[in-house]
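Below, chain A is the first sequence line, B the second, and so on; all start at residue 1.
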Amino acid sequence: GDSVTQMEGPVTLSEEAFLTINCTYTATGYPSLFWYVQYPGEGLQLLLKATKADDKGSNKGFEATYRKETTSFHLEKGSVQVSDSAVYFCALSGMNTGNQFYFGTGTSLTVIP
Amino acid sequence: EAGVAQSPRYKIIEKRQSVAFWCNPISGHATLYWYQQILGQGPKLLIQFQNNGVVDDSQLPKDRFSAERLKGVDSTLKIQPAKLEDSAVYLCASTLSYEQYFGPGTRLTVT
């Protein structure tokens, strides 16, 4: 079945460091891919998305490129801030999944000053 | 645009008690989802509604969990009786197309 695998955390970085959180997926067909962010005590918020191969999603300095050949959607940011501390979830959805979402287990990021 | 509303935000109950959660999706969103998020894990789908019909409830523990979406708008999720392993955050989400919008969740603690 369809699934998402994320790199395990937690990840701790110093402010202004480069961030990469790996995400790979298994799916039939061509799903849409998403990164959601969850700040402490809050629900999930959509961070960025890509709906087809080679699309690049971007928001708030974060980027991820839909790589069909490697079935990956890695999240990157060139310079993290303390305010980026949160849990990040990779997810997929598509017509083959009945528009259901499949989430990864989440990667906790802590950015220290 | 108002977001997905959920209540209560927090609930503490003893095992074998009952509890109900409420969700009001974004206006016009036909599809509504309930997820269970156990600490340290990603959300797990419990049930998906399309308007007032159930699309998928294959992962809903039907011996103790029930959900309804009368009139195709707001929804309630009930647990009766609760077990210790039901302690989790229960998230409601709604969607118009393929992008899901989440509510803040209800944190349930079963003692």
Discussion item. Less than 4.5 Å to any heavy atom of chain B: does that hold for the side chain of A:Q38, its backbone, both, or neither?
Written reply: side chain

Worksheet item: Quick one: does B:T111's side chain get under 4.5 Å of B:I12's, heavy atoms only?
Response: yes

Fill in: Residue among B:V4, B:L91, B:T31, B:D56 with most heavy-atom pairs under 4.5 Å to chain A
B:D56

Fill in: Part of B:Q6 lying under 4.5 Å from any heavy atom of chain A
neither

Worksheet item: So which part of B:R9 gets closer than 4.5 Å to some heavy atom of chain A, the side chain, the backbone, both or neither?
Response: side chain

Item to complete: Please determine, among B:C92, B:P43, B:P104, the option with the most heavy-atom pairs under 4.5 Å with chain A.
Response: B:P43

Item to complete: Name the region of A:L46, side chain, backbone, both or neither, that has any atom closer than 4.5 Å to a heavy atom of chain B.
Response: side chain

Discussion item. At a 4.5 Å cut-off on heavy atoms, which part of A:T51 comes close to chain B: side chain, backbone, both, or neither?
Written reply: side chain

Fill in: Parallel, tilted or perpendicular: rings of B:F65 and B:Y90 (30°, 60°)
tilted

Fill in: Top contributor to chain A interface from B:Q50, B:Q41, B:R107 [non-hydrogen pairs under 4.5 Å]
B:Q41

Fill in: Qualifying residue, where the test is ring-ring contact (aromatic ring centres under 6.0 Å, His included) with A:Y88 and the options are A:Y36, A:W35, A:F62
A:F62

Practice prompt. Would you check if the distance from the ring center of B:F49 to the ring center of B:Y33 is below 6.0 Å?
Written response: no

Worksheet item: Does the side chain of A:V37 come within less than 4.5 Å of A:L44's, by heavy atoms?
Response: no

Practice prompt. Indicate yes or no: at least one non-hydrogen side-chain atom of A:T107 is less than 4.5 angstrom from one of A:P10.
Written response: no

Discussion item. Measuring only between side-chain heavy atoms, which start at C-beta, is B:K44 closer than 4.5 Å to B:Q59?
Written reply: yes

Response to the item:
Most contact-rich option vs chain A, by heavy-atom pairs under 4.5 angstrom, among B:G42, B:A93, B:G103, B:G105, is B:G42

